[in-house]
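Before any comments, here is the structure.
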Amino acid sequence: MKIEIKPEAKEYLADKIPAGSTVILTTDDGSNKYSSIGATCAMADKFQLVIVNQPDPKFNVVLDNNANFDLSMASYEDYLVSDGLKIDYTHGYLVLSDNTGILGNTVSVVDWRNVTAESEAERLNTMKTLGQFIC
């Protein structure tokens with residue numbers, strides 16, 4: 001699969017993601033370990049670019065890109081995107097789109113290189129707490 005990083009997005013990301021970094025494109029909806037948002041009201045409507053220290057085997061769909069990132073996504077999320085996948089930077093936001101239209105207009109960049117993963121119980125507690133405020 002291929003993703004185009006538009007020039008404005010490349011410029012914006014240059015200060016956020018070091019060249020050659022391992023990056024995951026994933027949802028920010030509580031469906032994976034990189035998200036603590038409760039999944040009750042936010043299913044697949046938010047996306048994030050997560051910088052990690054090493055590839056995560058669950059995110060094994062390689063996204064060829066023109067920004068020299070080692071970029072991938074999970075096979076269980078690839079149904080969310082189609083041909084013409086791209087990231088642009090417009091009006092102060094990263095925007096993920098494909099040939100069907102805009103998929104996410106506020107893509108966040110999250111640095112997980114120094115994060116210790118929560119236990120399943122800790123993650124569930126965090127999701128319950130956050131869910132009370134965002135849904």
Side-chain angles (χ1 to χ4, degrees):
M1 191 175 290
K2 184 175 181 174
I3 185 168
E4 178 186 3
I5 313 293
K6 295 288 200 171
E8 294 82 3
K10 280 175 70 171
E11 183 178 329
Y12 173 80
L13 292 170
D15 292 336
K16 310 247 180 290
I17 304 175
S21 289
T22 301
V23 182
I24 294 168
L25 173 63
T26 187
T27 55
D28 187 11
D29 62 3
S31 65
N32 61 74
K33 71 180 182 182
Y34 301 104
S35 175
S36 293
I37 292 177
T40 58
C41 66
M43 292 301 289
D45 73 339
K46 295 175 185 70
F47 289 87
Q48 60 184 344
L49 293 169
V50 182
I51 310 164
V52 294
N53 288 323
Q54 58 191 12
D56 184 326
K58 290 184 179 179
F59 295 82
N60 57 0
V61 176
V62 174
L63 296 172
D64 294 324
N65 65 89
N66 58 325
N68 297 319
F69 299 140
D70 178 11
L71 184 58
S72 61
M73 68 183 300
S75 59
Y76 62 83
E77 291 181 334
D78 68 357
Y79 77 95
L80 297 170
V81 301
S82 67
D83 292 335
L85 192 59
K86 61 183 155 279
I87 295 177
D88 202 352
Y89 183 74
T90 183
H91 303 295
Y93 295 100
L94 286 173
V95 178
L96 178 69
S97 63
D98 63 15
N99 289 344
T100 67
I102 293 175
L103 304 171
N105 58 3
T106 57
V107 177
S108 58
V109 178
V110 182
D111 191 343
W112 262 67
R113 292 176 293 175
N114 296 313
V115 173
T116 303
E118 296 175 301
S119 70
E120 200 61 34
E122 291 169 326
R123 187 165 171 258
L124 179 60
N125 187 46
T126 301
M127 288 172 66
K128 284 180 181 178
T129 302
L130 286 174
Q132 297 174 19
F133 298 105
I134 63 171
C135 293

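We number each residue from 1, following the sequence as shown.
Both tests hold for K16 against Y12: distance to the six-membered ring centre under 6.0 Å, angle to the ring axis within 45°.
For S72 (side chain) and F59 (main-chain N/O), a donor-acceptor pair under 3.5 Å exists by modelled atom type.
Atom CG of residue N66 and atom NZ of residue K86 lie 12.0 Å apart, to the nearest 0.5 angstrom. Here the CG atom belonging to L25 is positioned 7.5 Å from the CD atom belonging to E77, to the nearest 0.5 angstrom. Taking CD1 from I17 and CG from N68, the interatomic distance works out to 12.0 Å, rounded to the nearest 0.5 Å. We find the CG-CG distance between L80 and L103 to be 8.0 Å, quoted to the nearest 0.5 Å. R113 contributes atom CZ, which lies 5.5 Å from atom OG of S21 (distance to the nearest 0.5 angstrom). Once rounded to the nearest 0.5 Å, the distance linking CG of L49 with CD1 of I87 reads 4.5 Å.
The cluster map of Ile, Leu, Val, Met, Phe, Trp and Tyr, joined by side-chain heavy atoms under 4.5 Å apart, puts V50 and Y93 in different clusters.
Side-chain contact between L13 and V109 is present, with heavy atoms from C-beta onward closer than 4.5 Å. Annotation: side chain of T22 is not in contact with side chain of I51 (no heavy-atom distance under 4.5 Å). With a 4.5 Å cut-off on side-chain heavy atoms, I3 and M73 do not count as touching.
Here the options are T26, T27, T106, L94, the test is side-chain contact (heavy atoms from CB on, under 4.5 Å), and the partner is F47; only T27 passes. Put simply, the residue from L96, D78, N65, N99 that forms a side-chain contact (heavy atoms from CB on, under 4.5 Å) with L85 is L96. Residue Y34 forms a side-chain contact (heavy atoms from CB on, under 4.5 Å) with just one option from D28, D56, V110, and that option is D56.
Scanning all heavy atoms of the two residues, the minimum distance from F69 to P18 falls at CE2-O, 4.0 Å. What you find for A74 and V61 is that their closest heavy atoms are C-CG2, 4.1 Å. The minimum heavy-atom distance between I102 and S97, with the atom names listed, is CA-CB, 3.9 Å.
Side-chain N/O atoms of D88 and T90 include no donor and acceptor closer than 3.5 Å.
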Practice prompt. Starting from the C-alpha separation in whole Å, work towards a yes-or-no answer on side-chain contact (heavy atoms from CB on, under 4.5 Å) for V107 and V95.
Written response: CA-CA 6 Å; V107 177; V95 178; over 6 Å; no
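Salt-bridge formation is detected for the pair E4/K6: a Lys NZ or Arg NE/NH1/NH2 atom is positioned less than 4.0 Å from an Asp or Glu carboxylate oxygen.
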